[in-house]
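A short worksheet on the structure shown next.
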Number of protein chains: 2
Amino acid sequence: MNIAEVSKKFNLSQDTLRYYERIGLIPSVNRNKSGIRDYTEEDCKWIEFIKCMRSAGLPIEVLIEYVSLFGQGDETIEARKELLIEQREQLIKRVEDMKKTLERLNYKIARYEQAVVEKEKTLKRPEN
Amino acid sequence: MNIAEVSKKFNLSQDTLRYYERIGLIPSVNRNKSGIRDYTEEDCKWIEFIKCMRSAGLPIEVLIEYVSLFGQGDETIEARKELLIEQREQLIKRVEDMKKTLERLNYKIARYEQAVVEKEKTLKRPEN
DNA sequence: GTTTGACTTAGAGTTAACTCCAGGTGTTAT
DNA sequence: ATAACACCTGGAGTTAACTCTAAGTCAAAC
């Protein structure tokens, strides 16, 4: 797969794909004889994983660390696990915070709905 | 309340409080005769609301719009409601995405836990 | 065989959201 | 009355995460 195909597949710009590789957010991708990236299935899995984690707000820096640990082999399994557990905790917290904010938004919107009804009443009264 | 107290109360830097006011993210705060901000309870409620919404990821730009609409009075009630509904929808989507990522993290961590066990087994075997 | 188009790299530019700084003013303590 | 301190403003600097640009290479089409 070339970069155009991968870009389309994951809806990430070619620039972003090159940027991710450059900073080590995905392991480096093989090139063909003329220097053009040739993405494997493995590469695609990484990209998909990283995209998913990024969309949930895990910082690039942390994910770079993860990829780097991965590249160092089995001795880093424990460290990778710890890293993921730490990120999971933070994610849980964020989700909980967002749920609370959501409740608050619901409440606020409900009050606005009430306000709109009130306003319509007063607007209509003169016509009656 | 002066800026130092408000800063402490909401755990926002004085710079951030001034910045929020400057860009219209909170309505402008009254000054005393010597030009120093004197925050009212109302001001504090705004700050708390904005902090909450920001922490859930609502963009500053949108919140500025909300504050601006609020400042224009009752004619903007409908528009404010629509804005909040739109943001709620996006928030719901983000929360759902994050939950999916959380599931994925759980799965990945579970596999790492398995891997750690396997590794311990092979490490221990020579000793037995 | 040269033009077109997709790719390459290195590095500069952008955006959102702060964060810091310089220079100035007003109140408080000595 | 002067030093210390908290505040003020306008504007510059920072950070994360892209995004764009310039200059170059290579394969394919005309």
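In the text below, chain A, chain B and the rest are named by the order of the sequence lines, each starting its count at 1.
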**Message:** I'd like to know whether the aromatic ring centres of A:Y66 and A:F49 sit less than 6.0 Å apart in this structure.
**Reply:** yes
**Prompt:** Would you find a donor on one side and an acceptor on the other, under 3.5 Å apart, between the side chain of A:S7 and the backbone of A:L12?
**Reply:** yes
**Message:** For a quick test of reading the model, state the closest non-hydrogen atom pair linking B:V29 to B:E21 and the distance between them.
**Reply:** N-OE2, 3.0 Å
**Request:** Would you indicate what A:R54 reaches in the nucleic acid, counting non-hydrogen atoms under 4.0 angstrom: base, sugar-phosphate, or nothing?
**Result:** sugar-phosphate
**Complete:** Expected string for nucleotides 19-30 of chain D under the B/S/- scheme (protein heavy atoms, under 4.0 Å, primed atoms plus P, OP1, OP2 as sugar-phosphate) is BB-----SS---
**Fill in**
note: B:L17, atom CG; D:dA6, atom P; distance rounded to Å ~ 17 Å
**Prompt:** Using the benzene-type ring in the case of Trp, are the ring centres of B:W46 and B:F70 under 6.0 Å apart?
**Reply:** yes
**Message:** Ignoring hydrogens and geometry beyond distance, is a side-chain donor-acceptor pair present between A:R37 and A:N30 at under 3.5 Å?
**Reply:** no
**Asked** Separation of B:R18 atom CZ from D:dT9 atom P, in whole Å?
**Response** 7 Å
**Message:** Quick check for you: to the nearest 0.5 Å, what is the distance between B:I109 atom CD1 and B:L102 atom CG?
**Reply:** 8.5 Å
**Fill in**
Rounded to the nearest 0.5 angstrom, the CD1-CD distance for A:I23 and A:E61 is 10.0 Å
**Request:** Mind checking the CD-CG spacing from B:E65 to B:L83? Nearest 0.5 Å is all I need.
**Result:** 6.5 Å
**Prompt:** B:N2 side chain N/O closer than 4.0 Å to the phosphate oxygens (OP1, OP2) of D:dA6?
**Reply:** no
**Message:** For a 4.0 angstrom threshold against heavy atoms of chain A, report the outermost contacting nucleotides of DNA chain C in 5' to 3' order.
**Reply:** C:dC7 to C:dG11
**Prompt:** What does A:I3 touch in the nucleic acid at a heavy-atom separation under 4.0 angstrom: a base, only the sugar-phosphate, or nothing?
**Reply:** sugar-phosphate
